[in-house]
Amino acid sequence: MGTNNLRVLLVAENASLKFGGESALPLHYFRVLRQRGIETWLVVHERTRTELESIFADNLDRLYFIPDTQAHIFLWHLGKPLPGRIANFTTGLGLRLLTQWMQRRIIKKVILKHQINIIHQPIPVSPKDPSMIYGLGIPVIIGPMNGGMKYPPAFDYLESQFVKLSVEVGRLFADVFNCLIPGKLKATKLLVANSRTESALPKGIQGEVIELVENGVDLSIWRPPLSENSLGVDKENSQICFAFVGRLVDWKAVDLLLLAFKEVVT
């Protein structure tokens, strides 16, 4: 199938530049596919409606939103006091599955209305997360996924024993969840960032697994300045300048970067 014949439906929980790196993926996929003239539509939760409508003002008829229900609000409040990793695979998982269940009804209508011939679910990037996007009569691509990670031994102290145990239990039951909700098992293609992620996929995968290194810099958005200082070298003071780009959350370990640089300069 040539790209001229593609009619793509992107399905995601969120599509946003404000919700962290993972949520930016479906937004960029939609942006680039439309720039390339590929017929593309997007189904997401309405919590990102204002942002998406401001960015894609010329494509409003291609955006579909599911409403924020009382069940969404309840699960969000329920997960607020929990540690991040535990909330992700308990109340967070409940939120994602609720969203996907509601999206299915819209997806079926969009497939018929726009003659969609491929569905792409780029997030969540976790290889363990079950997917409800299956049985819709057209191929489904999931990914690129990147997960199955553990803290290195030297950083083991960053996670409590309770969280570690809970995560391991969640991973043990992941195969069961994916049998009950078999979107990943039935997907046509599964994109993984590396062999570690592939080994973390649930058992019983039927589709083709493709390794795709997804991290990169989009040079249509960011370009290094064309100047003598473009490499970050301060010639006057013979210093190299570094910048961190990312969220200031504990697992990014920015505090360790600061400590490391202190050791270097002293």
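Computation of the quantities below employed the complete heavy-atom set of this structure, encompassing side-chain atoms and omitting hydrogens, waters and symmetry-equivalent molecules. Nothing fancy with the numbering, it's 1 onward along the sequence.
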Would [X] and [Y] show up in the same hydrophobic cluster when neighbours are defined by side-chain heavy atoms closer than 4.5 Å?
{"X": "L42", "Y": "L60", "answer": "yes"}
{"X": "L185", "Y": "L190", "answer": "yes"}
{"X": "W41", "Y": "V32", "answer": "no"}
{"X": "I142", "Y": "L97", "answer": "yes"}
{"X": "W101", "Y": "I106", "answer": "yes"}

Reported [atom1]-to-[atom2] distance for the pair [X] and [Y], which is rounded to 0.5 angstrom:
{"X": "E51", "Y": "L27", "atom1": "CD", "atom2": "CG", "answer": "6.5 Å"}
{"X": "M132", "Y": "L180", "atom1": "CE", "atom2": "CG", "answer": "11.0 Å"}
{"X": "T48", "Y": "E53", "atom1": "OG1", "atom2": "CD", "answer": "9.5 Å"}
{"X": "L10", "Y": "Y29", "atom1": "CG", "atom2": "OH", "answer": "9.0 Å"}
{"X": "L52", "Y": "R62", "atom1": "CG", "atom2": "CZ", "answer": "14.5 Å"}
{"X": "N146", "Y": "T197", "atom1": "CG", "atom2": "OG1", "answer": "4.5 Å"}

Please assess I66 against E46 for the test side chain to side chain contact (heavy atoms under 4.5 Å, CB included), listing each intermediate value before the final yes or no. CA-CA 6 Å; I66 65 156; E46 71 172 4; over 6 Å; no

Evaluate whether atom CZ of R36 has more than 12 neighbouring non-hydrogen atoms of other residues, nucleotides or ligands under 6.0 angstrom away. no

Give a yes or no on this: more than 12 heavy atoms of other residues, nucleotides or ligands lie within 6.0 Å of atom CD of Q115. no

Is the shortest side-chain heavy-atom distance between [X] and [Y] below 4.5 Å?
{"X": "T69", "Y": "L98", "answer": "yes"}
{"X": "Y64", "Y": "V110", "answer": "yes"}
{"X": "P26", "Y": "V44", "answer": "no"}
{"X": "F30", "Y": "L63", "answer": "yes"}
{"X": "I119", "Y": "I141", "answer": "no"}
{"X": "L93", "Y": "D129", "answer": "yes"}
{"X": "K189", "Y": "V209", "answer": "no"}
{"X": "K108", "Y": "L136", "answer": "yes"}

Steps toward side chain to side chain contact (heavy atoms under 4.5 Å, CB included) verdict (V8, E39): CA-CA 6 Å; V8 182; E39 299 290 345; over 6 Å; no

Under 3.5 Å, side chain of [X] to main-chain N/O of [Y], donor-acceptor pair present?
{"X": "H28", "Y": "L25", "answer": "no"}
{"X": "N117", "Y": "R7", "answer": "yes"}
{"X": "T40", "Y": "I38", "answer": "yes"}
{"X": "H120", "Y": "G143", "answer": "yes"}
{"X": "D68", "Y": "I73", "answer": "no"}
{"X": "Q103", "Y": "V43", "answer": "yes"}

Hey, which of T188, I111, I118 is the one that makes side-chain contact (heavy atoms from CB on, under 4.5 Å) with I138? I111

For a side-chain contact (heavy atoms from CB on, under 4.5 Å) with K184, tell me which candidate from M145, Q206, K128 qualifies. M145

Can a cation-pi geometry be assigned to R104 and Y134, taking NZ or CZ under 6.0 Å from the six-membered ring centre and within 45° of the ring axis? yes

Residue pair [X] / [Y]: nearest heavy atoms and the distance that separates them:
{"X": "P122", "Y": "V125", "result": "O-CG1, 4.1 Å"}
{"X": "E211", "Y": "A193", "result": "CG-O, 3.9 Å"}
{"X": "P127", "Y": "L201", "result": "CB-CD2, 3.8 Å"}
{"X": "G94", "Y": "L75", "result": "C-CD1, 3.7 Å"}

So if I apply the side-chain hydrogen bond (donor to acceptor under 3.5 Å, both in side chains) rule between E13 and each of R47, Q100, R96, which one comes out positive? R47

H45 vs F65, test: ring-ring contact (aromatic ring centres under 6.0 Å, His included). Steps then yes/no. CA-CA 5 Å; H45 190 282; F65 302 95; 9.2 Å; no

Donor-acceptor side-chain pairing of H77 and T91 below 3.5 angstrom: no

Show your working on side chain to side chain contact (heavy atoms under 4.5 Å, CB included) between T90 and L82 and close with a plain yes or no. CA-CA 9 Å; T90 53; L82 299 175; 3.8 Å; yes

Check the pair S131, I181 against side chain to side chain contact (heavy atoms under 4.5 Å, CB included), reporting the backbone distance first and the verdict last. CA-CA 6 Å; S131 171; I181 308 171; 5.9 Å; no

